[in-house]
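Please read these numbers as outputs of a predicted model, since none were measured by experiment. Counting convention: from 1, in listed order, for ligands and their atoms alike.
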Amino acid sequence: MKHFLWSLACWLATSGAYSQNVAIQHAAGRTSLVLDGRWHYIVDPYETGFRGFQGATADETGKLGGFFEDSHQRSPSDLVEYDFDKSPSLDVPGDWNSQNDQLLYYEGSIWYEREFEFHPRQGKRYFLRFNAVNYEAYVSMNDQKLGVHTGGFTPFAFEVTGILHDGMNFIVLKVNNTRKKEAVPTDNFDWWNYGGITGSVMLVETPSVYIRDYRLQLARDDPHRMEGQVWLDGAGAGSKITIRIPEAGLQKQLSADHEGYVAFSMPVSGLQYWSPDHPKRYEVLITTEADTIRDQIGFRTIQAKGSRILLNGIPIFLRGIALHDEDPFIPGRPRSEADCRMLLLWAKELHCNFIRMAHYPHNELESRLADSLGLLLWEEVPVYWTIDWTNGATLKNAEQQLTEMIQRDKNRASVIIWSVGNETPNTAVRERFMEAMADSAHALDSGRLVSAALLTRTNGDSVFVDDPLGRKLDIVSFNEYYGWYGNDRPWQINRYHVSIPYRKPVLISELGAGALAGFHGDSTTRFSEEYQASFYRNQLDFVQRVPNLVGMTPWVLVDFRSPKRLHPEFQDGWNRKGLLSETGQKKSAFYILRDFYIKMEHAEPSGH
Ligand code: GCB
């Protein structure tokens, strides 16, 4: 259709301001049009959609999002040499790599387009919200530029009130997943670089004054006090807000300031606390004159005291597992709630009460599922390995991703730890960057614990967990691969002794060995199930000697795709450290860890 042809070209020529990215708390709880389904796409490796036929790219003009201003001469062929209507389509949500064999390794730009009919209602506001797009998204609607979002795993939204037409509408966006040194993550990481619109897309309706965001949690050190904030959008000073938790007999009237903001604190009694054994959630209603939002929220406290972690005041051992956000049966990013549920239920089957969501924010359905299933979570931003430490824009980007993750999941009882990174080498420049990240995490959410997966220092049989970043963390977490990397063998694991100068809770955030499901040998045969089983037996002895250990998240629940795993017989592009294979087959080590966790479960007082 004509307007599609016109949109791409016209977009390039238009300049000027565009909408700001806005947060919408609990978008799924609002009236909305879900725009999931088939979207047309055009693969554009040469950036023709941006540059026109002979023009410069945004990068060449030196402007981030410079395409908005780029009105370089374009050939008339711009207007005829593409056609969304005749182009193939992809499922949204869903990465492109898993939907077309030719796109398996594709890294670059793809244009998406979707047409829909809509009739906006008088007096309402509308927001176009993306759950996640990897990595950069340039979004327009009805030929109007909405904005750019950077970062592949967190939600963003643009207001489209006044841009929406009564009748047919269309969205065009360019998604680019090129790895870059200065990006977060950087250009080298051990997972698949899935590109595309990987989360749901919604057109969300709100009243003109609406509840943009809210936070409700127990005070960190007081289970008898509830604290929170509400942010209204479009409100004048004195706007009335009511918070109700009918089942708990709670009601509070509030009055917003001139910015629509109010913070509150109220005593509570008789609450049933949320815990893995008792994942109790309450219906919470927040009401203003024109708006009501309902959410299901669990209430619990989480504290690091001395060398322990206390859930609702009771010490807890975190029987964890690390997880990538990948459904091995696709294989690709989970697309539905059922995909997400399957992953979490495998962790439950292992008798876990805790999951490390590595190495980036996972599908937003998962923290809600974890709330309902009784799983504690560690959530992380992709500050991984060798980030561009001295680049100010990189730090800004990492902090933005951290902010968006915390904004998204701050009401989830399941989330107890924010991780600011993984295996970042100990140098002065990195220290500055990572300390800033830890400070930001604390400032953004004082009610949760902050950690990072640290590297260790090994000297002979002595292991030191003395990374200076530990000073800034509530939990000192470290990764170790004794018995796998180097010349180590499983039976040598127990020669190591760990020293940690910090008097803080300690968590082993990774330990693991590879095994190809169904490949058998003995405990000396690498990649055999027997090797991995022996590795786990020895590791489980070793970890019990680690001082102040409050939990562990072995690497990893399920084999996952990684282009860095090159062995033709055993790996074929898969990291094989899963306890389950990519076909869901449980390896011997699964049962060893499960039995250990069953023992730990029975030894623990419950946190509720
Ligand atoms: C690590 C990384 C993780 C890798 C893992 C491995 O230390 O944190 O992302 O996948 O090791 O398998 O080597």
Pairs of donor and acceptor atoms involving the side chains of residues 588-598, under 3.5 Å and at least two apart or interchain, shall be tabulated with distances.
from   : atom 1 : to     : atom 2 : distance (Å)
Ser588 : OG     : Glu529 : OE1    : 2.9
Tyr597 : OH     : Gly320 : N      : 3.2
Tyr597 : OH     : Gly320 : O      : 2.6

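Protein residues with a heavy atom under 4.0 Å from ligand 1 are Asp190, His359, Tyr384, Asn422, Glu423, Asn479, Tyr481, Tyr485, Glu510, Trp555, Phe560, Arg565, Asn575, Lys577.
Donor-acceptor pairing under 3.5 Å is recorded for the side chains of Tyr194 and Glu326. Looking at Asn188 and Thr186, their side chains never bring a donor and an acceptor atom within 3.5 Å of each other.
Contact record, Tyr502 with Pro468: OH-CA, 3.5 Å, taken as the closest heavy-atom pair.
Checked against the 6.0 Å centroid criterion, the rings of Phe560 and Trp192 do not qualify as a close aromatic pair.
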Query raised in the report: Would Thr524 and Asp522 satisfy side chain to side chain donor-acceptor pair (under 3.5 Å), going step by step from the backbone distance to the final call?
Result: CA-CA 5 Å; Thr524 64; Asp522 60 27; 2.6 Å; yes

